[in-house]
Amino acid sequence: MSTFPTAFGLTASQVRQVVRLAGMAPSLHNSQPWRFRITPHLIELHADPGRRLPAADPEDRELRLACGAALLNLRLALAHEGIHPLVTLLPHLGATTALAEIRSGGQGQPRPDEIRLHAAIPARHSHRQPFRDVPVSSADRHLLVRAAQEENTWLHVVPPGQLGVLEGLVHRANRVQVADARFRAELAAWVGRGEDSAEGVPLSAAGPKPDPADQWVHRDFTAGRTERAPGTKFESHPLLVLLCTRTSDPEAELQAGQALQRLWLTATAQGLAASMISQVLEVPETRREAMDLLGGHAAPQALLRIGHGTTAAAAPRRDPADVIIDGVAEQR
Ligand SMILES: Cc1cc2nc3c(=O)[nH]c(=O)nc-3n(C[C@H](O)[C@H](O)[C@H](O)COP(=O)(O)O)c2cc1C
C-alpha cells in the first residue's frame, strides 16, 4: 500500500485527514472538482477539468465556488493540526488548473472559531427536505452576515419585498434548464448512480420530488425514482440569502466559495440547515435580473435557503487518495 504524501511536518495520516475534510465541501451535483498536490512545504489546490459541468456551469464559476469551499475546509483542517495556513489565490505555478497554494505560516493552537467550524464540517449537508416553521433568529442572522464579511464578501438577506420577484426568477430559470436536453443529460449523469457511488447525488439526499406549486423550486435529483410523499409541504418563510462579491472574476469566485463554506458551517454550528437554489444564477438572463435586484453593483454568487431542518442524509465522497496529483507528469 502506498503511503499518503506529507506536508508541513505532519504525519501521512494527518495529511490524509486534512484532504478528507477538504473533500467534504459542497459541489455542484457533488462533482467534487478538486485535486491536491502535496509537497513537503506546499499544498496546491487544482481544478479537475475532467469534472467540469459545461451545461450548468459553462464558465466554471461554480467549479471555483466548490474549490473555494474545499479551500476553507483545508484551512480549518490545517489549523486543527496546529498549522497556520497562508493562502495565495491563483498562484503562477505553470499549471492552468492551479487555483491556490497553501504554505505554513507557523505553528500554533487553533482559535475557538476555527475549532467550532472544524467540528461542523462532517455535520454540514445539503438539506432539501422541508424545514420546520421556525424563523431564524436575528442573532443567528447576524452571525451569518458576519461569516460572509470575514471572507471579504457580503450577504444580501432577501427582504420580503424582493421575495416574489426572486421566486419568479427561480421558476423561470428552472423552466429554461429543464427544457434544455444538454442540461438534462448532464444532470442525469450525476444522479441515479446507485448508493455505493462515491460521487453524484444519491436518492437518499435528493429531497422530495419538486412540485410546480412549491414556492422555491428545488433541482430534481430524484430522476423519476421516487414519488413525493402525500402532504409534503415546504416551510412558509425560509430565510433566503444571496452571497455576493464586488466583482465577477475567478479570484472573487474562489473568495465566494470560502465565504459560502464559512457561512454554511456557521449555520451548521448554530443548528441551522441550508440548501442551495442555483438555477437563477446559472441561467444568464435570470442572473442579470438577480443582479438588478442588487442594484447592479454586486455579483450574486450563491442563493441559499436557510432554516431549521429535520434530518439530511450525507452525500458520498471519493477517497482522499483519489484526489491527489502525484508526480510532475500532470503539470501543464
Ligand atoms: C456552486 C454550487 C451550486 C449548487 N447548487 C445546488 C442547487 O441548485 N440545488 C441543490 O439542491 N444543491 C445544490 N448544490 C449542493 C450540491 O448538490 C451538494 O453540495 C452536493 O450534492 C454534496 O452534498 P452535501 O452538500 O450534502 O455535502 C450546489 C453546490 C454548489 C457548491
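Atoms within a ligand are numbered from 1 in the order they appear, just like the ligands themselves.
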*Asks:* With respect to H218, determine whether any N or O atom, backbone or side chain, lies less than 3.5 Å from an N or O atom of ligand 1.
*Replies:* no
*Asks:* Is there a heavy atom in S27 that sits closer than 4.0 Å to ligand 1?
*Replies:* yes
*Asks:* Short N/O distance, under 3.5 Å, between E282 and ligand 1?
*Replies:* no
*Asks:* Using the ring of each side chain (for Trp, its six-membered ring), is H29 parallel, tilted or perpendicular to F221, with breaks at 30° and 60°?
*Replies:* perpendicular
*Asks:* My understanding is that we take every heavy atom of each candidate and find the minimum distance to atom 11 (O) of ligand 1. Doing that for Q301, R219, Q177, R128, which one comes out nearest?
*Replies:* R128
*Asks:* Going by the order shown, which atoms of ligand 1 are within less than 4.0 Å of some heavy atom of H125?
*Replies:* 26 (O)
*Asks:* Please say which of R318, E199, R317 ends up in a side-chain hydrogen bond (donor to acceptor under 3.5 Å, both in side chains) with N30.
*Replies:* R317
*Asks:* Of the side chain and backbone of L65, name the one, both, or neither that has a heavy atom under 4.0 Å from an atom of ligand 1.
*Replies:* side chain
*Asks:* Tell me which one of R128, R219, R228 satisfies salt bridge (Lys or Arg N to Asp or Glu O under 4.0 Å) with D214.
*Replies:* R228
*Asks:* What do we get for S126 next to ligand 1 when only non-hydrogen atoms under 4.0 Å count, side chain, backbone, both or neither?
*Replies:* both
*Asks:* Just one of L303, L243, L28, L260 clears the side-chain contact (heavy atoms from CB on, under 4.5 Å) bar with M276, so which one?
*Replies:* L260
*Asks:* Where do P212 and H171 come nearest, in terms of heavy atoms and distance?
*Replies:* O-CE1, 3.6 Å
*Asks:* So which bit of M276 gets within less than 4.0 Å of ligand 1, heavy atoms only: side chain, backbone, both or neither?
*Replies:* both
*Asks:* Looking only at protein heavy atoms, identify the closest one to atom 3 (C) of ligand 1 and say how far it is in Å.
*Replies:* S278 OG, 3.3 Å
*Asks:* Between E285 and R287, does any NZ, NE, NH1 or NH2 come within less than 4.0 Å of an OD or OE carboxylate oxygen?
*Replies:* no
*Asks:* Give the atoms of ligand 1, by number and element, whose distance to some non-hydrogen atom of V201 is under 4.0 Å.
*Replies:* 21 (O)
*Asks:* Among all protein heavy atoms, pick out the one at the shortest distance from atom 23 (O) of ligand 1; state its residue, atom name and that distance to 0.1 Å.
*Replies:* A315 CB, 3.5 Å
*Asks:* Suppose we measure from atom 1 (C) of ligand 1 to each protein heavy atom; which comes out shortest, and what is that distance?
*Replies:* E62 CB, 3.6 Å
*Asks:* Could you check whether H46 and E44, counting side-chain N and O atoms only, form a donor-acceptor pair closer than 3.5 Å?
*Replies:* yes
*Asks:* Can you tell which of T3, D319, L10 makes a side-chain contact (heavy atoms from CB on, under 4.5 Å) with R16?
*Replies:* D319
*Asks:* Is the NZ or CZ atom of R124 both under 6.0 Å from the centre of the six-membered ring of W264 and within 45° of that ring's axis?
*Replies:* yes
*Asks:* Give the contacting part of Q32 toward ligand 1: side chain, backbone, both or neither, where contact means a heavy-atom distance below 4.0 Å.
*Replies:* neither
*Asks:* Salt bridge between E235 and R132, side-chain N to carboxylate O under 4.0 Å?
*Replies:* no
*Asks:* Which of the numbered atoms in ligand 1 are under 4.0 angstrom from any heavy atom belonging to R317?
*Replies:* 22 (C), 24 (P), 27 (O)
*Asks:* Only heavy atoms of L28, strictly under 4.0 Å: list the atoms of ligand 1 that pass.
*Replies:* 3 (C), 4 (C), 5 (N), 29 (C), 30 (C), 31 (C)
*Asks:* Please identify which atoms of ligand 1 are closer than 4.0 Å to at least one heavy atom of F221.
*Replies:* 10 (C), 11 (O)
*Asks:* Regarding E151 and R75, does a basic nitrogen lie under 4.0 Å from an acidic carboxylate oxygen?
*Replies:* yes
*Asks:* Could you tell me whether N30 approaches ligand 1 through its side chain, its backbone, both or neither, with non-hydrogen atoms closer than 4.0 Å?
*Replies:* both
